[in-house]
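Below: one structure, written as structure tokens.
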Amino acid sequence: MGHFSPASGIPVVELGEKIISARSGSDWASKCDEVRRALEEYGCFIVESDKISTEFGDKIVKAYQDLFDLPVETKRRNSYPSEPFLGYFGQHPKVPLHESVGMQGTAFEAVQRVADLMWPDQGNVEFCETIYSLMKSMEDISYVVSRMVFESYGVSGLYEACHTQMNHATRLMKYRIPEPDETDLGLTPHVDTNFITVLYQSQTNGLEVQKKTGEWVTAGLSPSSFVFMAGEGLMAWSNGRISASHHQVTMGKTGKTRYSFAVFTSIKWTETPEELVDEDHPLQYKAYDHDEYMRYISKTGLEKDPLSLKAFCGVN
Ligand SMILES: O=C(O)CCC(=O)C(=O)O
Ligand SMILES: [Fe+2]
């Protein structure tokens with residue numbers, strides 16, 4: 001494997017424009033293997049990219065401040081009545097520091113919709129352009145890394161069909177500084193239910209991932225890096241070779257507000273390729289419809305059981 005983050009021991013994979021656009025050759029092939037090994041061992045890795053300049057990082061913070069400084073009633077206008085996991089989320093007694101605005105899809109219109117709801121009179125062009133650009137960079141990473149995982153398992157021929165079934169939800173998140181007598185837990189430990197997640201955090205660390213040893217480590221990120229995490233979908237698809245990353249957010253004593261952005265990619269129909277099933281690796285999860293799974297767990301909310309995918313479609 002390449003190198004590891006000194007603070008956390010999590011693998012760091014460099015995915016600059018050059019390798020992203022290569023898509024063949026020995027450098028590409030060894031990168032694909034590096035990515036697969038990182039996921040099999042850790043369920044996640046840090047992506048070192050060349051997408052976020054200091055200037056762009058400052059614009060992201062400004063966009064978040066514009067949004068989250070609005071009154072709660074205004075932010076609540078962002079609602080998707082039929083989609084319990086989208087819309088505005090905040091003031092939850094279990095995670096009082098967390099507040100977030102969800103969006104559906106990665107089209108410019110998704111961001112524009114939020115801006116129209118938040119600033120109905122004057123709009124906010126800078127907000128739209130900044131968040132859209134961040135979203136697209138992260139969507140690119142989710143596509144390229146998925147392709148790498150397929151290639152590394154020798155099933156690249158299945159990628160295109162899977163790609164057409166991918167869809168994305170995104171979330172802008174803010175974690176306020178805890179009061180002295182308050183919990184510093186920003187988000188309770190969980191695994192993501194979707195296929196894969198790409199996360200960006202601006203300036204303030206706080207994301208913690210659990211290693212196989214059980215140890216929680218802070219995914220210390222540089223301003224130009226992202227975290228790529230396996231969700232339950234990739235765990236089922238890979239026939240359990242990759243485990244979904246168990247993660248949480250802790251604010252600690254940094255004394256700074258934290259902003260993060262997530263692109264959650266899901267595959268509508270998740271099915272383990274037959275190439276990944278053999279005598280040594282018997283099928284672990286039956287093929288399932290992601291929307292049905294979401295309906296199944298929607299009743300459990302923040303308390304979702306980490307083994308719920310097993311209960312939903314596990315074999316045995
Ligand atoms: O804010 C973060 O870094 C993590 C967010 C997260 O894990 C989630 O929304 O599922
Ligand atoms: Fe998560």
Side-chain angles (χ1 to χ4, degrees), residues 5 7-8 10 39 42-47 52 57 60-61 64 67-68 78 83-90 92 94-104 131 134-135 138 141-142 168-178 183-210 216-223 225-235 242-252 254 256-266 290 293-294 297-298 300-306 308-309:
S5 153
S8 62
I10 299 296
L39 288 171
Y42 297 88
C44 66
F45 61 89
I46 295 168
V47 176
I52 314 265
I60 295 171
V61 171
Y64 270 75
L67 175 66
F68 286 105
N78 182 57
E83 298 284 349
F85 294 101
L86 291 172
Y88 176 75
F89 180 90
H92 193 292
K94 275 241 152 100
V95 283
L97 310 179
H98 175 106
E99 192 185 359
S100 62
V101 169
M103 299 184 283
Q104 190 161 36
I131 300 303
L134 178 63
M135 183 190 259
M138 293 168 67
I141 291 171
S142 66
H168 315 273
T170 66
R171 191 163 278 280
L172 299 125
M173 293 170 274
K174 174 191 170 182
Y175 300 83
R176 65 170 171 79
I177 303 164
T183 172
D184 73 342
L185 187 70
L187 202 56
T188 48
H190 65 281
V191 294
D192 290 354
T193 54
N194 48 296
F195 189 63
I196 51 169
T197 301
V198 182
L199 260 171
Y200 169 75
Q201 66 182 2
S202 77
Q203 296 176 347
T204 312
N205 283 334
L207 177 69
E208 293 183 344
V209 297
Q210 196 174 29
W216 284 95
V217 290
T218 300
L221 301 182
S222 75
S225 63
F226 302 94
V227 183
F228 184 97
M229 291 194 293
E232 288 178 298
L234 183 54
M235 179 168 75
I242 296 172
S243 295
S245 169
H246 200 211
H247 57 281
Q248 64 182 7
V249 175
T250 306
M251 287 296 286
T254 54
K256 276 170 76 186
T257 304
R258 176 171 185 269
Y259 299 115
S260 64
F261 188 68
V263 174
F264 305 102
T265 300
S266 48
H290 180 255
Y293 180 49
M294 292 303 275
I297 58 167
S298 64
T300 56
L302 282 176
E303 300 302 326
K304 186 185 105 53
D305 183 334
S308 54
L309 189 67

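Since the model is a prediction, treat every value here as computed from it, not as a measurement. Below, each value reflects all heavy atoms present in this structure, side chains not excepted, and no hydrogens, waters or symmetry copies. Whatever order the structure lists them in is the order used to number ligands and atoms, beginning at 1.
Between the side chains of Glu208 and Thr250, at least one donor N or O sits under 3.5 Å from an acceptor N or O. Glu99 and Tyr175 share no donor-acceptor pair across their side chains, judged by distance under 3.5 Å alone. Checking Arg171 against Ser100 by side-chain atom types alone, a donor-acceptor pair falls below 3.5 Å.
Near Met173, meaning under 4.0 Å from one of its heavy atoms, ligand 1 places the atoms 1 (O), 5 (C), 9 (O). The ligand atoms of ligand 1 that sit less than 4.0 angstrom from a heavy atom of Tyr175 are 1 (O), 2 (C), 4 (C), 5 (C). Less than 4.0 angstrom separates some heavy atom of Leu199 from each of these atoms of ligand 1: 2 (C), 3 (O), 4 (C). Proximity to Asp192 (heavy-atom distance under 4.0 Å) selects the following atoms of ligand 1: 10 (O).
Here the side chain of Tyr293 pairs a donor or acceptor atom with the backbone of Leu309 at under 3.5 angstrom. With hydrogens and angles disregarded, no donor-acceptor distance shorter than 3.5 Å links the side chain of Asp192 to the backbone of Asn194. Using modelled atom types, no side-chain atom of Ser202 and backbone atom of Val61 make a donor-acceptor pair closer than 3.5 Å.
In this structure, the protein non-hydrogen atom closest to atom 4 (C) of ligand 1 is Val249 CG2, 3.7 Å. Counting only heavy atoms of the protein, atom 6 (C) of ligand 1 lies nearest to Leu187 CD2, 3.4 Å. For atom 3 (O) of ligand 1, the nearest non-hydrogen atom of the protein is Arg258 NH2, 2.8 Å.
Taking the six-membered ring wherever Trp is involved, the centroid distance between the rings of Phe264 and His168 does not fall below 6.0 Å. Taking the six-membered ring where the residue is Trp, the centroids of Phe261 and Tyr200 are separated by 6.0 Å or more. The ring of His190 has its center closer than 6.0 angstrom to the ring center of His247.
Neither the backbone nor the side chain of Thr197 comes within contact range of ligand 1; no heavy atom lies under 4.0 Å. With a heavy-atom cut-off of 4.0 Å, His190 touches ligand 1 through its side chain alone. Residue-level proximity to ligand 1 for Ser260 is carried by the side chain, the only part with a heavy atom below 4.0 angstrom.
Scanning all heavy atoms of the two residues, the minimum distance from Thr183 to Leu97 falls at O-CD1, 3.6 Å.
Ligand 1 has no nitrogen or oxygen under 3.5 angstrom from a nitrogen or oxygen of Gln201.
For Asp192, the N, O or S atom closest to the Fe ion (ligand 2) goes by the atom name OD1.
With the Fe ion (ligand 2) as the vertex, NE2 of His190 and NE2 of His247 span 90° to the nearest 10°.
Heavy atoms of Arg171 come nearer than 4.0 angstrom to ligand 1 in no pair at all. Every heavy atom of Met229 sits 4.0 Å or more from the atoms of ligand 1.
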